[in-house]
Structure formats: structure tokens, C-alpha cells
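Notes follow the structure.
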There are 2 protein chains.
Amino acid sequence: MSKRTEKTIVDIAEELKLSVSTVSRALNDNPNISARTKDKVKKMARKLGYRPNALAAGLRNNKSKTIGLIVPRISMFFPATISTIIQNKLQEYGYNLIICQSNDSYDQEVALVNTLYSARVDGLVVSTTLYTTDFSHFDVFKDNNIPLIFFDRVPKDYNVKVIKGDDYVGGYTATTHLIERGCKDIVHISGPLTCNLYVERVSGYKHALQAHKLPFKKTRVFYQELTRDNAWQVCEKIFAQTPYPDGIFASNDTTAITIMEYCRKINVRVPEDLKIVGYSNDPRTEIVTPPVTSVDQYPAMMGERVVAALMELITNQASATAPRYSQEIIPIQLIARESTAGTVKTSGKKK
Amino acid sequence: MSKRTEKTIVDIAEELKLSVSTVSRALNDNPNISARTKDKVKKMARKLGYRPNALAAGLRNNKSKTIGLIVPRISMFFPATISTIIQNKLQEYGYNLIICQSNDSYDQEVALVNTLYSARVDGLVVSTTLYTTDFSHFDVFKDNNIPLIFFDRVPKDYNVKVIKGDDYVGGYTATTHLIERGCKDIVHISGPLTCNLYVERVSGYKHALQAHKLPFKKTRVFYQELTRDNAWQVCEKIFAQTPYPDGIFASNDTTAITIMEYCRKINVRVPEDLKIVGYSNDPRTEIVTPPVTSVDQYPAMMGERVVAALMELITNQASATAPRYSQEIIPIQLIARESTAGTVKTSGKKK
DNA sequence: TTGAATATTGCAAACGTTTGCATTACATTA
DNA sequence: TAATGTAATGCAAACGTTTGCAATATTCAA
């Protein structure tokens with residue numbers, strides 16, 4: 001009852017006593033096929049339940065109408081949002097999206113790049129692993145002139161199209177905000193420095209301190225994967241000794257939120273005793289009490305820019321003149337909420 | 001410098017003065033190719049930078065080593081978690097995953113099913129739109145005997161493999177929990193009844209009330225898309241008139257959390273004046289104050305079961321004897337938190 | 001050394017499209 | 001009506017694999 005179902009354009013051709021080329025052209029709305037024939041063909045296609053075989057077309061055309069996307073994990077707010085945008089946008093252009101997660105594992109990333117190449121995706125969009133510092137596994141795409149775009153977590157010293165947030169300004173702005181609210185001893189909890197965007201945020205943090213004549217102390221910066229567990233642990237370290245900091249700039253919202261929980265536990269009041277800023281403007285920052293100040297990265301805008309850039313690369317693929325790389329920076333915006341409300345009194349410390 | 005790069009097995013064959021068939025077999029570790037030849041071939045493949053063309057192989061084999069996944073949206077906790085699991089699990093089996101979002105639009109779902117069929121995915125995994133009641137667009141998969149699995153939001157009266165949560169028990173348990181904590185007037189906020197799982201939860205809710213001799217009132221059940229906005233609006237309706245309910249069972253956590261926010265605004269205390277239960281055990285339930293009681297659906301287990309069932313279908317595809325459909329039910333577990341703590345006093349109402 | 005058995009390798013077709021070029025059908029003009 | 005131009009269709013090769021079957025090379029026993 002099943003099996004022998006798959007109809008092809010050959011079946012349509014036979015049924016209609018036409019050549020396969022005519023059928024193919026008719027289905028693709030080629031201009032020099034008569035309207036009458038097109039109509040007949042399409043009718044018959046519907047009648048037979050014909051479904052185009054994208055593999056065959058892809059093989060012949062050397063393009064799959066498919067884009068690959070590699071992100072660390074789709075369960076995180078920022079990549080999830082961007083993936084959604086990219087997918088929906090791409091759908092409008094008639095492209096499929098293969099979403100893959102590297103789980104922040106370099107080896108997995110390498111493997112994914114290879115299978116996506118094998119799948120002959122027409123383009124690859126990547127936000128790298130925290131630990132990717134060697135980018136040679138992307139060479140296949142560069143060498144074969146297949147559109148390749150990095151976003152958010154982007155490579156350093158690897159000529160390629162890049163769309164990233166303004167992480168330096170983000171770090172600077174977040175820190176300045178804390179300073180303006182009276183903080184004098186600001187801890188920064190950063191991701192690992194193998195990932196460029198954290199380097200920039202740290203740099204922004206440092207320069208903001210210096211611009212306001214505050215000392216930059218190495219011991220006040222912590223580098224770690226920004227997970228819930230790590231956040232809790234670093235809190236235990238930070239609050240094991242006095243003086244407590246009066247401000248914390250965390251490089252993601254999970255960390256910021258976890259710090260708040262810890263503070264509640266040890267009776268440090270936010271924002272009275274300690275002010276906190278997170279990063280990404282994850283919706284969770286709004287539902288938590290007090291709501292957390294965070295740095296919005298305009299994920300929707302970034303996603304749209306990624307697709308726009310991708311489409312541009314795809315259409316200009318032929319012209320060898322088109323620039324292969326460039327950097328585009330998406331702005332950030334600080335969203336002030338209750339976790340940084342009020343002003344620290346010069347002295348006031350401890351409940 | 002670029003372009004003419006793409007090496008094929010033909011290139012390898014020529015280079016080595018072998019036939020393409022030998023090369024193909026060597027690369028696939030076919031047993032009747034000598035170890036020596038295999039070695040030579042693989043070395044040369046590496047040297048030439050050969051990359052298999054999955055499209056060609058797929059065309060020839062009539063299989064793409066790719067699975068399609070359609071979910072309403074990947075930015076929601078439950079589908080996101082399941083997608084992650086499925087993808088990672090599938091990777092182990094050497095399958096790619098094309099994740100697609102229907103955005104809860106029936107038309108988009110239909111379109112996606114068609115393109116995924118065109119892409120000749122080796123299997124399709126679906127959690128349907130809220131509004132999908134006609135499932136005929138999936139017939140192509142059924143008719144061609146391509147593994148097809150539904151999870152969570154599954155069809156009614158459509159013979160197919162189904163893996164779902166125990167929504168009846170979920171509704172029953174959540175409601176019973178509220179009753180046991182002393183609630184007498186329990187509102188239920190449900191999703192639209194076009195989606196089967198809400199029907200079951202409502203049914204569980206109803207039977208729990210009846211089992212405890214509480215009246216089931218139609219006016220105490222609301223049907224709507226469970227978004228933040230809708231939750232806020234329904235609150236305005238509910239709290240526009242007295243008496244206020246003393247318990248609310250919301251069919252997702254976004255709704256539950258939003259209700260809590262509303263309550264704070266109008267000074268209804270949770271859990272003293274009102275107890276709230278959500279659904280899905282979204283991590284947000286834990287970081288909100290007070291933490292929200294919710295119904296865990298074991299997404300990881302469900303994801304794993306989906307992949308297991310899928311692999312089973314794929315390997316047994318040949319045998320016409322294997323059952324094409326079945327239903328598998330994943331258990332739920334109520335996670336009690338502060339939002340339902342304490343016991344309502346028989347009288348106590350209003351601040 | 002010969003023959004048979006077995007281990008390797010090669011040939012060629014097939015998967016379902018698309019497309020350059022050649023061919024045929026039709027319409028127009030003189 | 002013949003010649004010409006244009007519109008519509010057909011032929012056949014190509015995309016890169018895999019695989020049944022045929023062919024050759026190798027091994028082993030007698």
C-alpha cells in the first residue's frame with residue numbers, strides 16, 4: 001500500500017506525453033513555457049501528489065536552499081531569540097535552517113561544521129564556543145567561498161563577516177551606571193577570556209573605573225563559565241571576607257539573578273547594600289524581585305542583520321570583488337531597574 | 001583561488017588509479033576492500049581535502065540522515081529543552097536535525113511539513129500548533145511510511161506514534177493539591193480547547209473538584225492563549241468582582257507568574273490569600289518570589305523517549321508488521337513551592 | 001603446476017533534477 | 001504560399017554517490 005508512491009517529474013512527463021525538461025521548466029515557471037502547458041503540468045503534479053525532491057535539485061544545482069546555524073545552546077535566552085528571528089526571516093526567503101548546538105564543546109563544533117559542509121548548506125552562521133580560539137575548521141567554508149557569518153561570539157584575527165554587540169560600550173556603560181549610583185567597590189564577574197566578548201566587557205569595566213578615578217583591582221574580577229552553580233560558588237568566595245563589594249557587574253543575567261538569591265540568603269539587601277547589573281536583558285530580569293538592571297543587546301536587530309548580511313553574501317557570491325569580511329556592531333542599551341535603584345551613601349554598609 | 005576546489009571520489013580514484021566504486025567502498029569501510037587500499041584511499045582523501053557530498057549520497061540512497069522537528073516556538077522552555085535533548089541524542093546516532101517553528105500558525109505548519117518532506121528527512125517529529133485539528137498534511141509521511149512521531153501536543157483521532165505527558169493526571173494533581181491546601185474556589189486558566197492536552201487538564205481539574213465535592217463552575221474556567229498579555233487581562237476580569245478565588249491553577253508558568261505579579265499590584269497576598277499552581281516547571285518558577293508550585297513534565301525523559309521511538313521506527317521501517325502507532329505516556333510530578341504553602345482558613349479572605 | 005575457491009576490484013546503471021543547445025511548431029509578413 | 005522570426009518543446013548530459021553483478025587477482029590444496 002505504501003512504497004511505490006514517490007512520483008517524479010518523469011511520471012508527470014509520461015502521463016502528459018511531454019518531456020521531463022518541459023515539466024521541470026513548467027514547474028519552475030520558466031518564461032518560455034506556454035501558460036497552457038504550465039497549467040496542465042501543475043494540475044497533473046497535484047493530481048499525482050508529486051513532491052519535488054530537494055536532494056536531487058540540490059545535487060544538480062549545487063545548492064541546498066539550507067542554512068546552517070551553530071550556537072552554544074538554544075536553551076539560553078540570547079541565542080534562542082536570535083535563532084527564532086533567523087529562522088522566521090529565512091523562511092521568508094525560502095531557506096531552511098539547520099539549528100545545531102555545540103554545547104560549548106570545541107570538538108562538537110568542529111564535527112558540526114563538517115557535517116554541515118557535507119550537507120552542502122548554502123551558508124553558515126555561527127556563534128562560537130567559549131573556548132574556540134583556533135578557527136581553521138571554518139576554512140572549508142572560506143576556501144569554497146560559501147557565505148560564513150559570525151555573530152555575538154566572534155573570532156579574533158580571522159577574516160570573516162562579523163556581527164557583534166558593542167561589548168566594550170556595554171561593559172563601560174554598566175560599570176559607569178554603578179559608579180553613578182554611588183558604588184565604589186565594584187566586582188566584575190566575567191566569562192572566560194578565551195571568548196573575545198568578555199575581553200571587551202572587562203576592558204569597558206576597567207576603563208570606566210579609571211575614567212572615574214576608581215582603582216582597577218585584579219582581585220575584584222572573576223573569570224568563569226557563567227552558570228548558576230558557578231555564580232553561587234563565586235558568591236561564597238566574595239562574601240567570605242569583608243569588605244563586601246557595593247556593586248557587582250555580572251556578564252550575564254543568570255549570574256546576576258543567582259547573586260541576588262545568595263544575597264537574600266545572607267541578608268545583604270539589594271539595592272540598598274549592593275547594586276547589581278546583569279547582561280542580555282533576559283526576560284527573567286523583570287520577574288525577579290527586585291527586577292535586575294541589565295544590558296539589552298537588541299537580539300532581534302542582530303538576528304535581522306545576520307539574515308540581511310547572509311542574503312547579501314549569497315546573492316553576491318559570484319562577484320569576486322565583494323568584500324569577504326567586515327564588522328558590524330549592534331548597539332546596546334542599559335535598562336535600569338530596581339537592583340540599582342537609589343544611591344549608596346558614602347559610608348553605609350552592612351545591615 | 002577558490003571555486004575549483006570541491007574534490008570528489010572521482011578525483012581520489014583518478015589520483016590512485018582505482019575505480020570510483022572501490023573508493024566509495026573504501027571510504028565506507030566495506031568489508032571486501034583490502035586494508036591496504038582502504039588506507040591509501042583515506043590518506044588521499046585527507047590529502048585532497050575531500051568532503052563527502054551528502055546530497056548525492058542522499059539522492060542515491062533515498063535517505064538524508066536528517067530528521068525534521070516542528071515545534072510551536074523554540075523560545076519556550078518546554079520545547080526548547082526537548083529540542084536540545086533530541087538534537088544532542090540524534091547527533092550520537094549520526095543524524096542531523098532541522099528544527100523549525102510553526103509560531104503556532106497552522107499555515108506555517110503545513111508549509112513546513114511540505115518543505116521537510118521535500119528535503120526528504122528520514123523522520124519527522126512534531127508538537128503541533130494550538131489550532132491544528134486537521135492533520136491531513138501529515139499524510140505524506142504516513143503514506144510513504146516515513147517515521148512520524150508526535151509529542152506533547154499530539155493529534156486526536158489520527159493514528160500515529162504519540163508520546164505525551166500525563167495531562168489528565170497533571171490537571172487532577174494540581175487541583176487536588178490546591179484543594180488539600182484548603183482552597184474552595186479554584187479558577188482554572190486553560191489554553192484553547194482545540195489543543196487536546198488542555199482538554200485533558202481541564203478534565204482532570206473538573207474531576208478533582210467533583211471527587212472532593214466541590215462544584216465545577218464553567219465561569220471559573222478561562223480559555224485563552226497562555227501569553228503574558230492574556231494572563232494580565234484575565235486577571236483584570238477575575239479580580240474585577242468579588243469574591244476573589246482562593247486558588248488558581250494555570251496551565252502554564254508564564255500565566256502563573258504573571259498572575260502573581262498582578263496580585264502583588266493589587267495587594268492580594270500569595271500564598272496567604274491566594275494559592276497558585278503553574279504547569280511545566282519552567283526554571284523561572286524558582287527565581288520568582290514566592291517560588292511557584294508547578295507540574296514537572298520530565299522534558300528530558302520525553303526527549304529521550306522520542307528519539308528512542310524514532311530510531312526504532314527507522315530501523316524497523318522495512319517490516320510492514322511493526323505497529324505504525326501507539327501511545328506512550330510520560331509521568332508528571334507536582335513540585336510544591338511557596339505559592340501554595342500554608343493552609344487557607346475556612347473563612348479568612350481579603351487583606 | 002594446476003584448478004578451484006576466495007578475496008579484491010571494476011563496470012555501469014541508477015537516484016531525480018536542471019539546463020545548454022537543437023529541434024519543432026506556430027505566427028507573421030511579403 | 002514561401003520565407004522568416006519567434007515561441008515552445010525535446011534531447012541528453014551532468015551533479016556525486018552507491019551497489020549488483022561481472023571480472024580479475026590472489027591464495028591454497030593437491
Side-chain angles (χ1 to χ4, degrees), chain A residues 3-42 44-45 48-66 115 117-122 144 146, chain B residues 3-42 44-45 48-66 115 117-122 144 146:
Chain A
K3 268 308 81 167
R4 205 49 255 122
T5 319
E6 307 266 6
K7 297 295 180 184
T8 74
I9 55 172
V10 179
D11 295 317
I12 301 181
E14 281 173 355
E15 203 75 32
L16 254 38
K17 306 281 177 226
L18 282 174
S19 72
V20 289
S21 26
T22 304
V23 173
S24 170
R25 279 189 262 254
L27 289 173
N28 291 321
D29 270 324
N30 183 304
N32 46 8
I33 294 291
S34 71
R36 235 168 50 85
T37 324
K38 279 183 188 172
D39 207 58
K40 273 198 307 189
V41 170
K42 287 178 184 172
M44 182 56 74
L48 295 182
Y50 165 76
R51 307 281 174 151
N53 185 323
L55 293 179
L59 174 58
R60 168 62 221 236
N61 295 332
N62 200 30
K63 61 167 75 154
S64 57
K65 279 288 182 178
T66 296
T115 52
Y117 183 84
S118 275
R120 294 298 188 269
V121 292
D122 295 340
N144 288 72
I146 300 170
Chain B
K3 268 308 80 166
R4 206 47 256 123
T5 319
E6 306 266 6
K7 297 294 181 184
T8 74
I9 56 171
V10 179
D11 296 315
I12 302 180
E14 281 173 356
E15 202 75 30
L16 253 38
K17 305 280 176 228
L18 281 175
S19 72
V20 289
S21 26
T22 304
V23 173
S24 170
R25 280 190 261 253
L27 290 173
N28 291 320
D29 270 324
N30 184 304
N32 45 9
I33 294 291
S34 70
R36 234 169 49 86
T37 324
K38 279 184 190 173
D39 207 57
K40 272 198 306 187
V41 170
K42 288 178 184 172
M44 182 56 74
L48 295 182
Y50 165 77
R51 306 281 174 150
N53 184 322
L55 293 179
L59 174 59
R60 167 64 221 232
N61 294 332
N62 200 30
K63 61 167 74 155
S64 57
K65 278 287 181 181
T66 297
T115 52
Y117 183 84
S118 275
R120 293 298 188 270
V121 292
D122 295 340
N144 288 71
I146 300 170

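The residue A:Lys17 sits close only to the backbone: its heavy atoms come under 4.0 Å of sugar-phosphate atoms, none of a base. In this structure, A:Arg36 reaches neither bases nor backbone, as no heavy-atom distance under 4.0 Å exists between it and the strands shown.
Summarising the geometry, the separation between CG on A:Asn62 and P on D:dA14 is reported as 16 Å, rounded to the nearest angstrom. In this structure, the CD1 atom of A:Ile33 is 15 Å from the P atom of C:dA25, given to the nearest Å. If you measure from atom CG of B:Asn30 to atom P of C:dG10, you get 13 Å, rounded to the nearest angstrom. At whole-Å resolution of the value, NZ in B:Lys63 and C1' in C:dC15 are 14 Å apart. Whole-Å rounding puts the A:Asp39 CG to D:dA8 P distance at 14 Å. In this structure, B:Asp11 atom CG and D:dG16 atom P are separated by 9 Å, rounded to whole Å. We find that CG of A:Leu55 is positioned 22 Å from P of D:dA14, with the value rounded to whole Å. A straight line from NZ of A:Lys38 to P of D:dA8 spans 9 Å, rounded to a whole angstrom.
For A:Leu18, the listed nucleotide lying nearest its side chain is D:dG10; candidates were C:dT9, D:dG10, D:dG16. Closest to the side chain of B:Asn53, out of C:dT9, D:dT9, D:dT17, is D:dT17. The side chain of B:Asn28 sits closest to D:dT18 out of D:dT17, D:dT18, C:dT17.
Within 6.0 Å of atom NZ in B:Lys63, 12 or fewer heavy atoms from other residues, nucleotides or ligands are found, so the atom counts as exposed in its surroundings.
The backbone N or O of B:Pro52 sits less than 3.5 Å from a side-chain atom of A:Ser118, completing a donor-acceptor pair.
Residue B:Thr37 is the one, among B:Thr37 and B:Leu59, whose nearest nucleotide of DNA chain C lies closer to the 5' end (criterion: closest heavy atom). Along DNA chain C, the nucleotide closest to B:Pro31 and the one closest to A:Val20 are compared, and the more 5′ of them pairs with B:Pro31. Place A:Arg120 and A:Asn32 on DNA chain D by their nearest nucleotides, and A:Asn32 ends up nearer the 5' end.
A:Ser19 contributes no side-chain N or O that forms a donor-acceptor pair with the base of D:dC11 under 3.5 Å. A donor N or O paired with an acceptor N or O is found under 3.5 Å between the base of C:dG10 and the side-chain atoms of B:Arg25.
Atom OG1 of B:Thr37 and atom CZ of B:Arg25 lie 11.5 Å apart (nearest 0.5 Å).
Residue B:Ser34 places none of its side-chain N or O atoms closer than 4.0 Å to OP1 or OP2 of C:dA7. Look at B:Ser21 and you won't find any side-chain N or O under 4.0 angstrom from OP1 or OP2 of C:dC11. One finds no side-chain N or O of B:Asn61 lying less than 4.0 angstrom from the OP1 or OP2 phosphate oxygen of C:dC15.
A:Glu6 has a carboxylate O that lies under 4.0 Å from a charged side-chain N of B:Arg120, or vice versa, which qualifies the two as a salt bridge.
Side-chain contact between A:Asn28 and A:Ser24: present, with at least one pair of heavy atoms (C-beta onward) separated by less than 4.5 Å.
Between A:Leu55 and B:Leu59, the shortest heavy-atom contact is CD1-N, 3.9 Å.
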